[in-house]
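What follows is one structure encoded as structure tokens, with my remarks underneath.
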Amino acid sequence: MLEIRGGGGLCDGAGGKQNLLDIVLQGYDIDKWPTFQEGDLENELTEPTRANLSLDIMFISSIDVQAMDLTIDFYLNQRWRDARLQYPQNLSKRKIVLRTVEQIKRIWTPDTYMVNAKSANFHEVTTPNRLVYIDHDGNVMYSARITAKLACEMHFGMYPVDTQVCHLHLASYAYTTSHLKFHWTEEAITYGSTEDLNQFTLADKWTEESEDKYPDGYYPCLRVHFKFKRNFGHHLIQTYLPTVLIVTISWVSFFLEAAAIPARVSLGITTFLTMITLNSGAKVGLPPVSYVKAIDIWMLACTFFVFSTLWHYVLVCVVSRRPIPGAAASARNSSQNSKNRASRPSTFSQRPPSEMMASQHHSPNCVKHRLVNGGSPEVQLHELSALHHTVGHVSSPDFSRHPAPQRIKDRSDSAVSEPIWILRSDASCKTNFGPPTSPGVMYNPIDMESPINDEGKKASSPLAPNGGALAAVQPRRKKLCRCQCMATAETAKDRAKRIDIYARWLYPLAFLLFNVVYWGYYLNLNPESMRGRPAS
């Protein structure tokens with residue numbers, strides 16, 4: 001009589017022992033798959049053996065972006081039915097357990113291999129991590145622990161906001177789909193680890209059943225896909241925030257004077273070299289790919305903003321040193337006028353053109369004086385006040401021979417103003433236009449037709465070219481002398497300063513617009529950011 005031992009062995013009443021596996025394997029052919037039929041030589045009636053697979057992933061140890069591979073530790077579980085391994089329940093109500101490699105090699109197992117594995121190995125410490133269960137119906141479950149380094153095709157166009165999809169490709173090495181078929185179980189993938197990787201987070205995983213086509217036929221295969229999303233916090237702190245600070249620091253030069261050459265040049269060069277250093281550090285650990293990455297566009301734009309501040313300063317220097325049109329001629333006229341005043345014994349010895357044209361009433365009481373335009377309006381006002389106390393009242397020259405716009409431009413650009421005619425307060429100064437001028441009148445050089453009275457209103461011009469009588473003017477106090485100064489044309493220094501003022505607004509606005517476009521595209525609008533599970 002046979003009795004069942006826990007070790008899977010059987011013994012008879014005489015004390016002899018017989019292994020249950022040896023009894024089950026009597027007449028067993030390991031070279032034939034479970035559904036093989038002897039009479040079906042053309043495989044017309046033979047059903048393929050169906051193997052159901054599942055993976056218990058222990059952990060994903062590393063993702064090497066330079067080598068573009070993925071290291072994964074998992075249990076590979078395979079289930080199939082082999083009718084040749086059936087045994088009656090009276091022999092044993094327990095499952096047959098095969099723990100050693102030698103025992104496992106005595107039965108048929110699917111020739112499953114990993115197509116995209118660079119290297120793989122079974123765990124052998126402290127005992128071979130392989131196990132086979134066989135029940136009395138012939139259902140077999142084969143489990144083995146494997147560590148594999150899988151090739152993973154990566155694309156870094158979105159780096160460092162990229163999403164990588166790696167996969168494990170399982171297939172049969174020798175059996176075609178007519179002999180063997182693979183299927184995933186209902187709970188195909190389980191992932192026991194809850195910890196994220198250093199650089200990536202497992203965002204999703206899904207399975208796929210397909211067939212690989214080779215020249216000798218179709219082979220069953222299974223794929224499991226892993227979607228990894230890169231953790232952006234490290235790159236935000238180490239790359240993006242420092243570059244933003246460097247770009248904003250380069251804008252400090254817009255608030256410095258154009259004459260501060262050492263400060264602006266050293267600031268521009270320092271920020272530019274810092275950007276180059278950050279650009280090199282941002283690509284450490286990446287393979288030398290030939291296409292443009294998202295980090296390349298960001299670094300290129302930031303480097304352009306920093307480098308353009310140097311060219312901006314070059315433009316400011318050129319504009320600040322460029323002479324204003326007509327300034328050279330005005331300078332020569334100023335020099336000549338200075339020489340003429342120095343050669344004359346008295347500045348108040350010449351007469352205005354209106355008196356030179358007159359045939360009578362020439363009076364030596366009409367004098368002229370020049371004001372220097374280079375001084376401030378307060379200085380000119382003080383000089384006019386002094387002249388007013390000395391000689392009487394002030395009038396403008398005859399503007400009938402000089403177009404007003406051209407004279408205004410000449411007065412703005414020249415270093416020395418046009419003559420300001422001074423009429424003495426007595427009645428001895430007469431012209432051919434009529435009666436003596438009234439004291440206390442100042443003519444506005446801007447207004448070519450009329451003087452300005454005490455009330456700020458225009459009066460008829462005594463120097464009008466119509467040849468009429470000199471109009472009456474309103475008297476004013478001698479202690480008050482008004483001078484309406486025309487706004488001079490901006491100097492080269494003012495134009496350079498205005499360029500800096502424009503840059504204070506244009507650069508931040510342009511950088512803000514670049515950020516909106518950059519982050520809007522790479523975080524939301526790029527189709528690659530939506531890579532993931534295919535639609536079922």
Side-chain angles (χ1 to χ4, degrees), residues 25 27-57 68-70 72 74-86 98 101 104-122 130 132 134 137-144 146-153 165-189 205-226 533-536:
L25 295 180
Y28 187 86
D29 190 355
I30 192 176
D31 296 327
K32 298 176 182 178
W33 60 94
T35 57
F36 176 79
Q37 296 183 10
E38 293 289 346
D40 189 13
L41 300 179
E42 300 296 333
N43 293 326
E44 295 179 355
L45 302 177
T46 302
E47 290 288 334
T49 301
R50 300 183 182 275
N52 299 319
L53 277 68
S54 65
L55 297 179
D56 296 329
I57 301 174
M68 289 195 292
D69 55 38
L70 167 70
I72 183 173
F74 62 96
Y75 288 100
L76 176 61
N77 304 316
Q78 305 177 78
R79 294 176 174 87
W80 69 94
R81 185 176 184 274
D82 192 346
R84 297 172 298 175
L85 297 177
Q86 295 180 4
L98 307 181
V101 178
I104 296 174
K105 289 182 177 180
R106 296 180 64 182
I107 66 173
W108 178 92
T109 56
D111 57 346
T112 308
Y113 80 106
M114 289 171 284
V115 179
N116 62 326
K118 289 185 176 180
S119 61
N121 62 278
F122 291 100
R130 285 183 257 185
V132 173
I134 305 174
D137 291 330
N139 296 318
V140 183
M141 196 278 289
Y142 176 30
S143 178
I146 302 173
T147 298
K149 181 179 291 185
L150 309 175
C152 180
E153 184 178 356
V165 177
C166 301
H167 65 275
L168 172 60
H169 186 183
L170 301 173
S172 173
Y173 192 83
Y175 295 102
T176 61
T177 55
S178 61
H179 301 152
L180 178 64
K181 284 191 175 182
F182 285 154
H183 301 281
W184 289 110
T185 60
E186 293 183 1
E187 192 177 359
I189 307 297
K205 56 185 182 298
W206 66 94
T207 59
E208 176 187 358
E209 296 181 6
S210 61
E211 297 178 354
D212 290 342
K213 183 180 179 181
Y214 290 94
D216 56 343
Y218 291 89
Y219 289 81
C221 72
L222 298 175
R223 289 184 177 89
V224 52
H225 300 272
F226 304 96
R533 186 191 303 266
S536 57

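Because the structure is a prediction, the values reported are computed rather than measured.
Considering CE of Met68 and SG of Cys166, their distance stands at 10.0 Å, rounded to 0.5 Å. Once rounded to the nearest 0.5 Å, the distance linking CZ of Arg79 with CG of Asn139 reads 10.5 Å. The distance from the CD atom of Glu209 to the CG atom of Leu53 is 9.5 Å, given to the nearest 0.5 Å. Taken from NZ in Lys181 to OG1 in Thr176, the straight-line distance is 10.0 Å, to the nearest 0.5 Å. A distance of 11.5 Å separates OG1 in Thr35 from CZ in Arg81, rounded to the nearest 0.5 Å. With values rounded to the nearest 0.5 angstrom, Ser54 atom OG is found 14.0 Å from His183 atom NE2.
Relative orientation of the His179 and Tyr175 rings is perpendicular, given thresholds of 30° and 60° on the angle between their planes.
Between Tyr214 and Tyr219, the distance from one ring center to the other falls under 6.0 angstrom.
Between the side chains of Ser210 and Arg223, a donor-acceptor pair is found at a separation under 3.5 Å. Side-chain contact, Asp111 with Ser172: a donor N or O sits under 3.5 Å from an acceptor N or O. With no hydrogens or angles considered, a side-chain donor-acceptor pair links Thr112 and Gln78 at under 3.5 Å. Side chain to side chain, Ser143 and Asn77 meet the donor-acceptor criterion of an N or O pair below 3.5 Å.
Summarising the geometry of Ile30 relative to Lys105, their closest heavy-atom pair is CD1-O, 2.8 Å, with the distance given to 0.1 Å. Counting all heavy atoms, side chain and backbone alike, Leu180 lies closest to Pro220 at O-CG, 3.2 Å. For the residue pair Asp29 and Arg84, the shortest heavy atom distance occurs at O-NH1, 2.8 Å.
The side-chain heavy atoms of Trp80 and Thr109, taken from C-beta on, include a pair separated by under 4.5 Å. Side-chain contact between Leu168 and Leu222 is absent, with no heavy atoms from C-beta onward closer than 4.5 Å. Put simply, the side chain of Asp82 does not reach to within 4.5 Å of the side chain of Ile107, judged on heavy atoms. For the pair Cys221 and Phe182, the minimum side-chain heavy-atom distance is 4.5 Å or more. Side chains of Ile57 and Ile72 form a contact here, defined as non-hydrogen atoms less than 4.5 Å apart. Using a 4.5 Å cut-off on side-chain heavy atoms (C-beta onward), Val140 and Leu85 make contact. Contact check for Trp108 versus Thr49: side-chain heavy atoms found under the 4.5 Å cut-off. Residues Trp184 and Ile189 form a side-chain contact, since some pair of their non-hydrogen atoms from C-beta on lies under 4.5 Å apart.
The environment of Tyr113 atom OH is dense: over 12 non-hydrogen atoms of other residues, nucleotides or ligands sit within 6.0 angstrom.
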Run the side chain to side chain contact (heavy atoms under 4.5 Å, CB included) check on Lys205 and His225 step by step: do they pass?
CA-CA 5 Å; Lys205 56 185 182 298; His225 300 272; over 6 Å; no
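Seen from the ring of Tyr142, Arg130 does not count as a face-on cation partner, given the 6.0 Å and 45° thresholds.
Between the side chain of Asn116 and the main chain of His169, a donor-acceptor pair closer than 3.5 Å is present.
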